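This is a predicted model, so every value here is computed, not measured.
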Amino acid sequence: MPAVETVRGPVDVAALGRTYMHEHVFCLSAEHVENYGAGDWWDEEEKVADAVAKLRELPARGITTIADPTVWGLGRYIPRIQRIAEQVPELNIIAATGIYTYNDLPFQFHHRGPGTLLDTGSDPMTGYFVRDLTQGIADTGVKAAFLKCAMDAPGLTPGVERVLRAVAAAHRETGAPVTVHTESSIHAGRTVVEILGKEGVDLSKVVVGHAGDSNDLDYLMELADTGAILGMDRFGLDVINPTADRVRTVAALCERGYADRMVLSHDASCFIDWFGPDPATVPAFAPNWNYRHISDDVLPALREAGVPDGQVDQMLVANPRRYFTR
């Protein structure tokens, strides 16, 4: 069987088991921690121990793999993830490469790349992504297994477009699959699949992330009909779309024959510094936004809505396995 790279090394895709396709371990700015966290709200050992405890809840519920799309812009730091992965050996953690931005590029690319002061004919971002996929991330020995980028409410800004095209180039060179954060309120998925398709990306290897924020069945079926995979991956983030509505949408798509083009997840994390340093903040406004919600609440609701176990397994096992098979 083909293998997929994980934080602990390659694993046969057939052994991935039930997989959540969009979960973060940490979303954490190193600059934030180094300048304002140490000695105040950030305790490395405490946070690692907390992450280990939270991630152990996944295999206890039969989930054996998570794909972690934390890349540049979200605070990827693989040595910390390695420490955690070693303490949760029952769980595979798959790392990603890419750049996460809604607007501008990091300054490290403003003057290098197509149309810039130092235009060498290729984009240095693509080189970085390919290196992460083929050689490893920094000196960790961990290889990324998929690509990640984003298009949010600002739309197709020049920076966002350049990342999309750099990701497409890395996909063409390596065959690595792609996940794109999209803003459903502006139907960003349409633009994403259009550009990636024109760039030669195999759309069956593209997850349109956060498609499940929308209940517009026509929009969702339009995306799925391109061959792309719908990321129904923010269960528990009820402030955007309540769980009951998300469940009805997934069930309706399953009834229409789209179970083979959906994956499930929460987009949760052990800790995210976007909402401040207090770990009680997120549970206060999103009490169900955690790794337990799908297993404990969503799957029973899907079954009650008429989704058979075979389609649940399609979304949790077969589709992730196909996505990571090269």
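- Between Arg61 and Asp296 there is a salt bridge, with a side-chain nitrogen of the basic residue lying less than 4.0 Å from a carboxylate oxygen of the acidic one.
- The existence of a salt bridge linking Arg56 and Glu90 is excluded, since no basic side-chain nitrogen approaches an acidic carboxylate oxygen closer than 4.0 Å.
- For the pair Arg172 (side chain) and Glu199 (backbone), a donor-acceptor distance under 3.5 Å is present.
- Proximity of the aromatic rings of Trp274 and His32 is defined here by a centroid distance below 6.0 angstrom, and this criterion is not met.
- Ionic pairing of Lys143 and Asp132 is not present here: no N-O contact between side-chain nitrogen and carboxylate oxygen is shorter than 4.0 angstrom.
- Counting all heavy atoms, side chain and backbone alike, Ala153 lies closest to Ile186 at O-CD1, 3.9 Å.
- For an aromatic pair to be called close, the ring centres must be under 6.0 Å apart, and Tyr291 with Tyr20 fails this.
- Under 3.5 Å, the side chains of His187 and Ser214 contain no donor-acceptor pair of N or O atoms.
- Ring-plane geometry between Trp42 and Phe271 is classed as tilted, the angle between the planes lying from 30 to 60 degrees on a 0 to 90 degree scale.
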>> Run Met221 and Leu253 through side-chain contact (heavy atoms from CB on, under 4.5 Å) and show every step you take.
In response: CA-CA 8 Å; Met221 290 188 293; Leu253 289 168; 3.7 Å; yes

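- The closest donor-acceptor contact from the side chain of Thr140 to the backbone of Pro79 lies at 3.5 Å or more, if one exists at all.
- Between Arg303 and Asp309, the closest side-chain pair of non-hydrogen atoms falls below 4.5 Å.
- Here Arg248 pairs with Asp245 in a salt bridge; the nearest charged N to carboxylate O distance falls below 4.0 Å.
- Applying the salt bridge (charged side-chain N to carboxylate O under 4.0 Å, His left out) definition to pairs two or more places apart or across chains, those involving residues 8-22 are Arg18-Asp313.
- Just one residue in the list Val7, Ile66, Thr70 forms a side-chain contact (heavy atoms from CB on, under 4.5 Å) with Val25, and that residue is Ile66.
- Under a 3.5 Å cut-off, the side chain of Lys205 and the backbone N or O of His171 do not form any donor-acceptor pair.
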>> Could you walk me through whether Met125 and Leu105 satisfy the side-chain contact (heavy atoms from CB on, under 4.5 Å) test, starting with their C-alpha distance in whole Å, then the side-chain angles of each, then the deciding distance to 0.1 Å, before giving a yes or no?
In response: CA-CA 10 Å; Met125 283 188 287; Leu105 293 172; 3.9 Å; yes

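- Put simply, the side chain of Asp152 never gets that close to the backbone of Tyr102: no donor and acceptor are under 3.5 Å apart.
- Only one option out of Arg112, Arg165, Arg162 pairs with Asp123 in a side-chain hydrogen bond (donor to acceptor under 3.5 Å, both in side chains); it is Arg162.
- Ring orientation note: the planes of His181 and His210 are nearly perpendicular, at an angle over 60° on the 30°/60° scale.
- For residues 48-73, every residue pair satisfying the ring-ring contact (aromatic ring centres under 6.0 Å, His included) rule, not counting sequence neighbours, is listed here: Trp72-Phe109.
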> side-chain contact (heavy atoms from CB on, under 4.5 Å) between Glu222 and Asp218: does it pass, once the steps are laid out?
Replying inline: CA-CA 6 Å; Glu222 175 189 333; Asp218 289 337; over 6 Å; no

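- Using a 4.0 Å cut-off between a side-chain N of Lys or Arg and a carboxylate O of Asp or Glu, Arg322 and Asp260 do not qualify as a salt bridge.
- In this structure, the side chain of Tyr323 engages the main chain of Val178 through a donor-acceptor pair within 3.5 Å.
- Side-chain atoms of Asn215 and Thr249 form a donor-acceptor pair, as typed in the model, at a separation below 3.5 Å.
- Between the side chain of Thr116 and the main chain of His111, a donor-acceptor pair closer than 3.5 Å is present.
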>> Run the side-chain contact (heavy atoms from CB on, under 4.5 Å) test on Thr97 and Tyr128 for me, step by step, so that the C-alpha distance in whole Å, both residues' side-chain angles and the decisive distance to 0.1 Å come before the verdict.
In response: CA-CA 8 Å; Thr97 185; Tyr128 284 176; 5.9 Å; no

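- Considering only residues two or more places apart in sequence or on other chains, Asp139 meets the salt bridge (Lys or Arg N to Asp or Glu O under 4.0 Å) condition with none of them.
- Of all the heavy atoms in Ala95 and Ile78, the pair that sits closest is CB-CD1, 4.0 Å.
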>> Checking Ser204 against Asp202 for the side-chain hydrogen bond (donor to acceptor under 3.5 Å, both in side chains) test, could you report, in this order, the C-alpha distance in whole Å, the side-chain angles of both residues, the deciding distance, and whether it holds?
In response: CA-CA 5 Å; Ser204 72; Asp202 177 357; 2.7 Å; yes

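- Between Lys54 and Glu23 there is no salt bridge, since none of the side-chain N atoms of the basic residue sits less than 4.0 Å from a carboxylate O of the acidic one.
- Counted by atom type alone, Asp267 and His24 present one or more donor-acceptor pairs between their side chains at under 3.5 Å.
- Between the side chain of Asp273 and the main chain of Gly276, no donor-acceptor pair closer than 3.5 Å is present.
- The pair Glu194-Arg190 does not count as a salt bridge, with every side-chain nitrogen at least 4.0 angstrom from each carboxylate oxygen.
- In this structure, Ser265 contributes its side chain and His22 its backbone to a donor-acceptor pair below 3.5 Å.
- Between Leu223 and Val193, the closest side-chain pair of non-hydrogen atoms falls below 4.5 Å.
- Taking both residues in full, the closest heavy atoms of Leu302 and Ala251 are given as CD2-N, 4.3 Å, listed atom of the first, atom of the second, then distance.
- One N or O on the side chain of Thr126 and one on the backbone of Ala166 form a donor-acceptor pair closer than 3.5 Å.
- Listed here is the closest heavy atom pair of Thr325 and Pro2: CG2-CG, 3.5 Å.
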> Under the side-chain hydrogen bond (donor to acceptor under 3.5 Å, both in side chains) criterion, do Glu31 and Ser29 qualify, and how do the steps go?
Replying inline: CA-CA 5 Å; Glu31 288 187 309; Ser29 164; 4.9 Å; no

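- Ring geometry for His266 against His293 counts as tilted: the plane angle lies between 30° and 60°, on a 0 to 90° scale.
- Within the 3.5 Å criterion, the main-chain N or O of Gly212 finds a donor-acceptor partner in the side chain of Arg246.
- Looking at heavy atoms from C-beta onward, Ile137 lies in side-chain contact with Arg76 at the 4.5 angstrom threshold.
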>> Using the rule given for side-chain hydrogen bond (donor to acceptor under 3.5 Å, both in side chains), can you reason through Thr6 versus Asn92, listing the C-alpha separation, both sets of side-chain angles and the distance that settles it, and then say yes or no?
In response: CA-CA 6 Å; Thr6 76; Asn92 302 305; 4.7 Å; no

